[in-house]
Structure formats: structure tokens, C-alpha cells
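See structure below.
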Protein chains: 2
Amino acid sequence: MKNYSDTTYAILGILTTECKSGYAIKQLIDRSLNHFWKISYGQIYPTLKLISQEGLAEIRTSSNSGRPDKNEYYLTAKGLEVLKSWLEQPIVNFPAERNEVLLKLFFGHYQSQEKQILLLQNYKENLEKRYQTYIAIELAIQQDKNEDAMYWLFTLDYGKRTAQAAIDWCNATLEKLK
Amino acid sequence: MKNYSDTTYAILGILTTECKSGYAIKQLIDRSLNHFWKISYGQIYPTLKLISQEGLAEIRTSSNSGRPDKNEYYLTAKGLEVLKSWLEQPIVNFPAERNEVLLKLFFGHYQSQEKQILLLQNYKENLEKRYQTYIAIELAIQQDKNEDAMYWLFTLDYGKRTAQAAIDWCNATLEKLK
DNA sequence: CCGGTCATGTAATGTGTTACATGATTAC
DNA sequence: GTAATCATGTAACACATTACATGACCGG
């Protein structure tokens, strides 16, 4: 079976939910997957085109009163098969996160202690905001009673745990610097 | 002041250490920064060329007996200034890590419980290996007595803490699935 | 009447990986 | 003798972001 990019599989996966248009896909990712997957329209629309060209989804255009036409993509049997076979394949690349904060701290020697502390405090604040966002998304999902809810909550739990570990690290490192 | 890519700043930073050639830069990154920064020769050599063209470093070629000539790059005053000013700039993009494991789990509904468990167990094993690698690097750095050692250990502590949080999450999620 | 939301899409640009090319030395 | 290490570099390709272009509806 042909290989597609992870972005393609991500979109294929989202097409199994009630989100069927490019716009709706973008929204779902921004609202629910944002902590581990991002995407731009510059990827979504060309990928949707590819998906339909490959026969993985069918387009149904619904003309909304006033609003622009909405192109809705429905997975074909082949599309679902491609998605499932990707899900079953073991993961090869466990990517190392690129972290600009750590990069700057790595060269901390060339910076004043004061600036180092500001860097960490700023990072900590961002992590705390992120943590609060996760809790907000969690509450929204719990109220939705979606059948995929359990899996979505798993990913949020991951986000919360790793964010908390990073916050703890900030505190510990700030202590060491002072 | 001109803006360069993070990759350029990373290389500029490494040129402050005793690693001065493309080959040595690659080694340092693979050995010490690998948990939060990766790089390929396809980036290193063109970036070094840019760095010297911009007057941020000077090339000194040393012909090694037998071995290929080694191009060593020494930061100029301008290069050091560019590095320092980047270090002081606050971080704007706190990137969300792209995580293929979470992406697959997000669509867990379309997969058997058995396969989900394998996915998590596999992930956990990889995280544990990673954790052990961090400990090994930590020991190597502690013996080196480098003046930057403190900062390098900070970044490793980050790696260990977040890896441990992810391992804990795997265990908790595996429990919930069973 | 102005900003936000709904809605689709392309082009230019930036960024990064992989594969290829070369070749001597060293350790087993 | 053969695999790993040392050493540099390019070309093709893959992947992603940003800016641009268009335009109607809705709420305040």
C-alpha cells in the first residue's frame, strides 16, 4: 500500500468524525489536537485534493444560503482501509522535540543570570497557560459525550502530565540559578 | 539586526565551544543536544557557508596528515554579538511537539484494543531507553568538567523529567485500557 | 460600519531530510 | 579485507508556513 504523509493520515482520521470540510478540520485541530498536532490551510486544501484524487474520499458540495459553498469529504471504503492500516503500523520515528528554550539555556554561559531567569520565568508562565487550556478542553470534551471522548482525554492527560513536569523543572532550575 | 534561522544560531552557539568544523558540530549535537535539537549535514554545511559569507565567522583550513582537510570556523566579534543578541530576545513560538503516538491514539476507536496496547508498550520502551541515554550523557558531562556543564545538565534534567512523566502516562493509560 | 466568523484556495518562501559522491585511515 | 571513522559537500525532494486573494453574513 502507498505511503502518505502523517498530515494526510491526520486528515483522514478527522474525516471519520463529523468534521468534513477544510474549515471544520482546521477548527477541530486548533481546538482539540493543538497540543500535539498543528496544521495550516496551506496544507489542508492541497491534501484534501490529493485525498479525493486518490479515491480515499468523495466530495459532496453543499451550497449554504449566502455563505460560500462547503466542500464536504466523505471517506470511501478504500480511505478507511488506508487509515486503519496506518494505525496498525508500528511507529519508527520517535521525534525529539525541538526546544528553543533549552537551546538558549544550553548557551547560558554567554548571557547574564538575570536574562536566564527571565527566560525561564517566561517559559513557566507559558506552560501554566497551556496547562489551563488543557483543563478547559478537557471539560469541553467531557460535556460533549462523544464516543471518541476517552481517547481524546488520554491525549490531554499526556499534555497535562508533561506540562506539569516542565513546570516543576522550571521551578527547580530557577532555584539552582538563584 | 538581521534575522537568521534557529539552526544558524544553534551552530553559532556551538562555534563558541571547541567544536569548530562541520563534522565536529554534527557530533556535538548528536551526543549532547540530541534530546532537543537535531541537525543533518545538509543543513550544517550550507549554514556554515552562510555564516562565513555574513562575516560571522572566519575559516581556517588545517590540512591533516592523510585525512581530508578540515575547515575550522572561528567566530568573529560580529558573530558573537549576533549570538548574544539572539540569546537575549524573548521566545515567541512555544511550539507544540508533534506526536505521532498521540495522533494514532486519538483515532484509537478505529483500532483493536490489542493494537492500542502494543502502541503504548512500544512507546514506553522507547521512552525508557531514552531515559537511560540521558543518564549516560549526564555521567559523561559530569566527568568532563566543562565550564558550560551546569547548563548542559539543566537540559538533561528537563529531558529526564518529561520522559519520566511520559512513562507514567503510559502506565496510567495502559491501566485504563485493560 | 466594523470586526469576527464562515469558507476556499494558491504562490512564494522557508526549512529539513535523504541520497548521492568521494576517499583515505584505522581498528579488528 | 572489511567495517567504522574522519571529512566535506550538493541535488532532489518533502514538508510547512505565511501572505495573499475573495467575499458574504452577522452581531454590536
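To find a chain, count down the sequence lines: A is the first, B the second, and so on, and within it residues start at 1.
Looking at B:Lys2, B:Lys78, B:Lys49 one by one, the single match for side-chain hydrogen bond (donor to acceptor under 3.5 Å, both in side chains) with B:Glu54 turns out to be B:Lys2.
Of the residues in residues 17-34 of chain A, those placing a heavy atom less than 4.0 Å from an atom of DNA chain C are A:Ser21, A:Gly22, A:Tyr23, A:Gln27, in numerical order.
Rounded to an integer number of Å, the gap from CD1 of A:Ile11 to P of D:dA16 is 10 Å. Between the CD1 atom of A:Ile51 and the C1' atom of C:dT8 there is a distance of 16 Å, given to the nearest Å. Atom CZ in A:Arg60 sits roughly 17 Å away from atom P in C:dA7 (whole-Å rounding). When the P atom of D:dA14 is taken as reference, atom OH of A:Tyr9 falls 14 Å away, rounded to whole Å. Between the CD1 atom of A:Ile44 and the P atom of C:dT10 there is a distance of 13 Å, rounded to whole Å. If you measure from atom NZ of A:Lys70 to atom C1' of D:dG23, you get 17 Å, rounded to the nearest angstrom. Atom pair A:Tyr45:OH and C:dT10:C1' shows a separation of 12 Å (rounding to whole Å applied).
Of the charged side-chain nitrogens involved, at least one lies within less than 4.0 Å of a carboxylate oxygen, so that B:Lys176 and A:Asp157 count as a salt-bridged pair. Checked for salt-bridge contact, A:Lys160 and A:Glu138 meet the test: a charged N lies under 4.0 Å from a carboxylate O.
B:Glu72 is linked by a salt bridge (charged side-chain N to carboxylate O under 4.0 Å, His left out) to nothing, counting only residues two or more places apart in sequence or in another chain.
Counting only N and O atoms by type, the side chains of B:Thr7 and A:Arg98 include a donor and acceptor under 3.5 Å apart.
Listed pair B:Lys49 / D:dT10 meets the phosphate criterion, a side-chain N or O lying under 4.0 Å from OP1 or OP2.
Ring geometry, A:Phe94 versus B:Tyr123: the interplanar angle falls under 30°, so the pair is classed parallel (tilted spans 30 to 60°).
Rounding to the nearest 0.5 Å gives a distance of 12.0 Å between CG of B:Leu120 and CD of B:Glu175.
No cation-pi contact links B:Lys124 to B:Trp169, judged by a cut-off of 6.0 Å to the six-membered ring centre and 45° from its axis.
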Worksheet, complete the sentence: Per-nucleotide protein contact along nucleotides 13-20 of chain C, 5' to 3', at a 4.0 Å heavy-atom cut-off (B base, S sugar-phosphate only, - neither), is --SSBB--
Item to complete: Before giving the answer on ring pair (Phe, Tyr, Trp, His ring centres under 6.0 Å), spell out for A:His109 and B:Tyr151 the whole-Å C-alpha distance, their side-chain angles and the decisive distance to 0.1 Å.
Response: CA-CA 8 Å; A:His109 183 198; B:Tyr151 299 106; 7.1 Å; no
